[in-house]
Amino acid sequence: MKYIIIGAVAGGASTAARLRRLDEKAEIVIFEKGEYMSYANCGLPYYIGEVIKDRNALFVTSATSFKLRFNVDVRTLTEVLSIDPTAKTITAFDQRTGKQYSETYDKLVLSPGAEPIRPPLDGIQNEGIFTLRNVADTDYIKKYVSEKKIKKAVVIGAGFIGLEMAENLHELGIEISVIEMGNQILAPLDFPMAALVQRHIRSKGVNLLLESSVVGFKKMGDQLKVKLKNGQELITEMVLMSIGVKPDTKLAKNAGLKIGPSNGIWVNAYLQTSNPFIYALGDAIEFLNPITKQSMPTYLAGPANKQGRICANNLVNDNTQKYHGAINTAIVKVFDMTVATAGTASKHLTRSGIEHLVSTNHSGSHAGYYPGAKQMSIQIAFSPKDGRLLSAQIAGFEGVDKRMDILSLLIKGEGSVYDLTEFEHAYAPPYSSAKDPVNMAGFVAENILTEKLSVFYWNEFDKVSAEDILLDVRTEKEFQTGFIPGAINIPIDDLRSRMHELDKNKKIFIYCQAGLRGYLGHRILKQNDYKKVQNLSGGYQIWEACESELTEIKKSTAIAQLV
């Protein structure tokens, strides 16, 4: 059996290695149009920022080593130009020799990845404007930064790679501006969680411009002028375009393979394309999201590597293992913070017409009495019918990764908030609390589901009329440092003795700093015949972060109007 694999990074290399382990006698040929195979794509920003100092550390293996260990014919710097599914041949171009030739296959695997979106903006071809997708891009950017002694840079796009690049360039002492067309960073997050991270980014001196889009560039000697749609102009020395990627489907389209509704290569549950002898995986394919049941691509290395193993199993064993899709579990370091997400954000659940509830809690990364505990914020979305977990988002400074892995496993396994309440974690004071943050997330959600807690959200203050009571149950000192307009202050420890000051016939909207004291106040009042009580989900902390970020956006708009 002869297998040809197109693309030798995450998915392609994983497929080839598994194929060899399953079939020692198969002929396996990998084509890679780039110079390198199986490199750490996710590590590229950290090499540019000199966190990773050894360039060789980026490479999982070389073509020579891979060939020696797995007996695979690896042909780098060789681009596959076309596929003939009828003849079962491919046409390749060897960039070293300039020669074009054909190769036959029994089964073919497409792993071409994705390509950066580079819109046709005026001046985008100017020197100093980059995208980052591969090792060649990395080398070019790193050399440019060093030789030009860059002091100012603009990053366009506040997704995962954009923020990683902003951080790493900032660590080199470069003044950074980040431009994002949306009203928040990191599109997979909901606005409240993004707001927490945005405030942290601004605290580092980064100029973060939201609801701003670029319309063009102009070269001015060694500098670049970045023109924004709102009339603003930024002067910089280099630009990193990171506005997203799209599936590389050129070969598939030209071969007549089916393309899905999200413009990725269509595959069935076995990663088989519309042609039974051609399989596909990685960034180039689309697959049904397990939660929304909508077809979508997933641009993550983890799923691509796992797909490689499944694909190889199906190539050898004639479709015996199904791929069940990805819930897009992802994590990113943003300066001192860590942000993670899994499942489908509340805003996307709403757009998909999926009924859900949301809860937010703030907890310490480990026991508060053990030194160094740091706060993390967890937001989960869940079904109001059975408590099934639909998404989780965490922003914090320590321990975010292990909590997200727990939540991701439960989301993928269709677990519920009730599973969170009973989750048994490894506990010792340096690592957690007796009630872990994921337990606390489950407790809050369970209280909502069982109607022991009624919540309202930061953007629902239009529910609060002049006749209603907005009750702040924080301490007097906390109240004096900042409060929500219209609130009265009765500290939680005084509430039982002062509840007679509150009208039982009025609606009472309670809040505290993080949500816990508000919940206690809610329970006290409800059990004393106050019927209309709601607690602010996530507390003053979430409200203040969101309002602060909305103010920053308004400031940018006001500045633009003056230009």
Which heavy atom of [X] sits nearest to which heavy atom of [Y], and what is that distance?
X: Pro290; Y: Ile327; value: CG-CG2, 4.0 Å
X: Ala304; Y: Gly282; value: CB-CA, 4.0 Å
X: Gln184; Y: Gln198; value: CA-OE1, 3.1 Å
X: Ser177; Y: Leu234; value: CB-CD1, 4.1 Å
X: Ser391; Y: Thr344; value: CB-O, 2.9 Å
X: Ala342; Y: Ile411; value: O-CD1, 3.8 Å

With a 3.5 Å distance limit and no angle check, can you tell me whether [X] reaches the backbone of [Y] through a side-chain donor-acceptor pair?
X: Thr338; Y: Val334; value: no
X: Ser242; Y: Gly162; value: yes
X: Arg96; Y: Thr76; value: yes
X: Thr138; Y: Ala136; value: no
X: His362; Y: Ser377; value: no
X: Asp190; Y: Pro192; value: no
X: Gln307; Y: Leu281; value: no
X: Ser352; Y: His348; value: yes
X: Thr249; Y: Ala252; value: no
X: Lys33; Y: Phe93; value: no

Near [X] [atom1], under 6.0 Å, is it more than 12 heavy atoms from other residues, nucleotides or ligands?
X: Glu544; atom1: CD; answer: yes
X: Lys152; atom1: NZ; answer: no
X: Asp405; atom1: CG; answer: yes
X: Lys218; atom1: NZ; answer: no
X: Lys402; atom1: NZ; answer: yes
X: Lys333; atom1: NZ; answer: yes
X: Met181; atom1: CE; answer: no

Check whether any side-chain heavy atom of [X] lies under 4.5 Å from a side-chain heavy atom of [Y], and answer yes or no.
X: Leu108; Y: Asn275; value: no
X: His170; Y: Phe335; value: yes
X: Leu58; Y: Leu44; value: yes
X: Met193; Y: Thr341; value: no
X: Glu171; Y: Val51; value: no
X: Val178; Y: Ile201; value: no
X: Met376; Y: Glu398; value: no
X: Lys293; Y: Ile354; value: no

If we count only N and O atoms by modelled type, under 3.5 Å, do the side chains of [X] and [Y] hold a donor and an acceptor together?
X: Ser359; Y: Asn361; answer: no
X: Asn314; Y: Gln272; answer: no
X: Gln541; Y: Gln375; answer: yes

Approximate separation, where rounding is to 0.5 Å, of [X] [atom1] and [Y] [atom2]:
X: Lys554; Y: Leu210; atom1: NZ; atom2: CG; value: 14.0 Å
X: Ile141; Y: Ile150; atom1: CD1; atom2: CD1; value: 11.5 Å
X: Leu357; Y: Leu349; atom1: CG; atom2: CG; value: 11.0 Å
X: Thr273; Y: Ile83; atom1: OG1; atom2: CD1; value: 8.5 Å
X: His200; Y: Met337; atom1: NE2; atom2: CE; value: 6.5 Å
X: Leu410; Y: Leu407; atom1: CG; atom2: CG; value: 6.5 Å

Could you please spell out the steps behind the side chain to side chain contact (heavy atoms under 4.5 Å, CB included) verdict for Glu115 and Lys246? CA-CA 6 Å; Glu115 51 189 358; Lys246 59 183 179 180; 3.5 Å; yes
What orientation do Tyr140 and Tyr144 show, parallel under 30°, tilted 30 to 60°, or perpendicular over 60°?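 Correct class here is perpendicular.
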Does the plane of the ring in Tyr36 sit parallel, tilted or perpendicular to the ring in Phe59? Use 30° and 60° as the thresholds.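 Judged by the thresholds at 30° and 60°, the geometry between Tyr36 and Phe59 is tilted.
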With the threshold set at 4.0 Å, does a side-chain nitrogen-carboxylate oxygen contact exist between [X] and [Y]?
X: Glu50; Y: Lys142; value: yes
X: Glu549; Y: Arg202; value: yes
X: Lys204; Y: Asp336; value: yes
X: Glu233; Y: Lys225; value: yes

Identify the residue among Ile129, Leu132, Val214 that makes a side-chain contact (heavy atoms from CB on, under 4.5 Å) with Met241. Ile129
I'd like to know whether Asp283 forms a salt bridge (Lys or Arg N to Asp or Glu O under 4.0 Å) with Arg133, so could you lay out the CA-CA distance, the side-chain angles of the two residues, the decisive distance to 0.1 Å, and finally the verdict. CA-CA 12 Å; Asp283 294 354; Arg133 189 63 186 167; 2.6 Å; yes
Given the rule in the salt bridge (Lys or Arg N to Asp or Glu O under 4.0 Å) test, do Glu237 and Lys148 qualify, once you have shown the distances and angles that lead to the verdict? CA-CA 9 Å; Glu237 295 167 338; Lys148 299 288 185 179; over 6 Å; no
Should Ser365 and Phe397 be marked as a side chain to side chain contact (heavy atoms under 4.5 Å, CB included) after you check the CA-CA gap, both sets of side-chain angles, and the distance that decides it? CA-CA 8 Å; Ser365 56; Phe397 296 87; over 6 Å; no
Take Asn268 and Trp266 through the side chain to side chain contact (heavy atoms under 4.5 Å, CB included) test and state the conclusion after the steps. CA-CA 7 Å; Asn268 64 17; Trp266 178 90; 3.8 Å; yes
For the pair Ile235 and Met220, evaluate side chain to side chain contact (heavy atoms under 4.5 Å, CB included) and give the outcome as yes or no after the intermediate values. CA-CA 9 Å; Ile235 304 301; Met220 304 186 308; 3.4 Å; yes
I would like to know whether Arg55 and Asp139 meet salt bridge (Lys or Arg N to Asp or Glu O under 4.0 Å); could you show each step before the answer? CA-CA 9 Å; Arg55 183 176 179 276; Asp139 290 339; 2.8 Å; yes
